[in-house]
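Presented below is the structure to which this report refers.
Along the sequence shown, the residues carry numbers beginning at 1. Side chains included, hydrogens not; waters and symmetry mates left out as well; all remaining heavy atoms used. Not measured: the values here are computed from a predicted model.
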Amino acid sequence: MTDESQTTPTPEGSETTEPGTELAPPAKSAPVDRDSAGPFDEAEANPVRPYIDLGGIKILPREGLNLRLEVEEQTKRIVAVGLDYADSTLQVQPFAAPRSSGLWEETREQIRQQVKQQGGRVEEREGPLGPELLAEVPVMAGADGAGKRLARFVGVDGPRWFLRGVVGGAATSDVEAAAAVEDLFRSIVVVRGTSPMPPRDLIPLRMPSSPATA
């Protein structure tokens with residue numbers, strides 16, 4: 001279960017500016033072929049594919065994929081979807097976003113500060129999905145017998161949504177596992193819906209009506 005500081009990047013006061021100051025909105029960050037290769041908006045997805053419907057996102061089943069729902073203990077709200085695949089883990093969260101600007105640039109800075117506050121190390125690099133963070137994060141003593149774990153933070157800005165992913169396991173260092181997990185991330189469909197939502201709000205997730213194991 002991911003701690004709450006990792007799963008809910010909601011900045012406070014990030015949009016305030018000095019009077020008379022005009023700042024350009026953050027540009028969207030996404031692969032140039034996002035609309036054809038994913039992650040997809042609901043309007044771009046193939047309607048006949050057998051997706052697992054989780055509300056805010058849809059997952060395409062594949063052999064070897066196991067799905068977990070991460071639930072906030074106090075509210076019982078589903079706050080993230082965990083995917084186990086290719087000896088790796090991928091935690092995903094969909095957020096509402098502005099129509100014309102992106103959230104990934106701002107979110108990367110929040111993650112960078114969180115990792116540093118936890119005593120970890122983080123570096124930014126250009127990955128197949130665009131800018132990403134590779135972090136070395138301290139873990140509780142006794143967990144896997146190690147004091148650090150590697151995590152990749154990836155993100156893609158779509159039309160009125162932002163999809164964030166946290167990658168662990170083999171895909172942080174193994175090229176083949178990384179490619180498999182990146183393909184899984186790009187197959188995800190985000191269902192933003194038509195209801196008004198403040199930017200950075202988690203798009204509601206729900207229990208699937210289909211089996212969660214492919």
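The line from OG of S88 to CZ of R152 is 9.0 Å long, rounded to the nearest 0.5 Å. Interatomic distance, CD of Q114 versus OG1 of T107, reported as 9.5 Å (0.5 Å rounding). Expressed to the nearest 0.5 Å, how far CZ of F162 lies from OG of S29 amounts to 8.5 Å. E42 CD to W161 CH2: the interatomic distance, rounded to the nearest 0.5 Å, is 11.5 Å. Residue F95 holds its CZ atom at 12.0 Å from CG of D157, rounded to the nearest 0.5 Å. Rounding to the nearest 0.5 angstrom, the gap separating the NZ atom in K116 from the CD atom in Q118 is 13.0 Å.
Under the 4.0 Å criterion applied to side-chain N and carboxylate O atoms, R68 and E70 are assigned as salt-bridge partners. Salt bridge status for E136 with R149: absent, with no side-chain N to carboxylate O gap under 4.0 Å.
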### Task
Start with the C-alpha distance between L202 and Q93, add both sets of side-chain angles, then the distance that settles side-chain contact (heavy atoms from CB on, under 4.5 Å), and finish with yes or no.
CA-CA 7 Å; L202 184 70; Q93 293 176 293; 4.0 Å; yes
* Please lay out, stage by stage, how R164 and V166 fare under the test side-chain contact (heavy atoms from CB on, under 4.5 Å). => CA-CA 7 Å; R164 178 182 131 157; V166 185; 3.8 Å; yes
Where do E126 and E132 land on the side-chain contact (heavy atoms from CB on, under 4.5 Å) test, with the steps shown first?
CA-CA 6 Å; E126 191 69 20; E132 64 175 62; over 6 Å; no
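Nearest heavy-atom pair across A177 and A86 is CB-O, 3.7 Å. Residues P159 and R34 share a closest heavy-atom pair of CD-NH2, 3.6 Å.
The neighbour count for R206 CZ, taken as heavy atoms of other residues, nucleotides or ligands under 6.0 Å away, is above 12. Counting non-hydrogen atoms of other residues, nucleotides and ligands closer than 6.0 Å to CZ of R125 gives a total above 12.
Under the 4.5 Å side-chain heavy-atom criterion for grouping Ile, Leu, Val, Met, Phe, Trp and Tyr, L150 is not connected to L129 through any hydrophobic cluster. Side-chain heavy atoms closer than 4.5 Å link hydrophobic residues (I, L, V, M, F, W, Y) into clusters, and following such links, even through other members, never connects L134 to V115. Linking Ile, Leu, Val, Met, Phe, Trp and Tyr whenever their side-chain heavy atoms come within less than 4.5 Å puts I57 and M207 in one cluster. The hydrophobic cluster containing L69 also contains L205, counting ILVMFWY residues as joined when their side-chain heavy atoms lie under 4.5 angstrom apart, directly or transitively. In the hydrophobic clustering of ILVMFWY residues, with side-chain heavy atoms under 4.5 Å counting as a link, L65 and L67 come out together.
Between L60 and R49, the closest side-chain pair of non-hydrogen atoms falls below 4.5 Å. Contact check for V156 versus P31: side-chain heavy atoms found under the 4.5 Å cut-off. Taking 4.5 Å as the limit, some side-chain heavy atom of I59 sits within range of a side-chain heavy atom of L83.
Considering only residues two or more places apart in sequence or on other chains, E109 meets the side chain to side chain donor-acceptor pair (under 3.5 Å) condition with R112, Q113. Residues forming a side chain to side chain contact (heavy atoms under 4.5 Å, CB included) with E105 (at least two apart in sequence, or on another chain): P26, R108.
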List the atom pairs, with distances to 0.1 Å, where a side-chain N or O of residues 184-197 and a protein N or O form a donor-acceptor pair under 3.5 Å, not counting sequence neighbours.
residue: R186; atom: NE; partner: G38; partner atom: O; Å: 2.7
residue: R186; atom: NH1; partner: D33; partner atom: OD1; Å: 3.4
residue: R186; atom: NH2; partner: D33; partner atom: OD1; Å: 2.6
residue: R186; atom: NH2; partner: G38; partner atom: O; Å: 2.9
residue: S187; atom: OG; partner: R62; partner atom: NH2; Å: 3.1
residue: S187; atom: OG; partner: L184; partner atom: O; Å: 2.7
residue: R192; atom: NE; partner: R160; partner atom: O; Å: 3.2
residue: R192; atom: NH1; partner: S195; partner atom: O; Å: 2.9
residue: R192; atom: NH2; partner: S195; partner atom: O; Å: 3.4

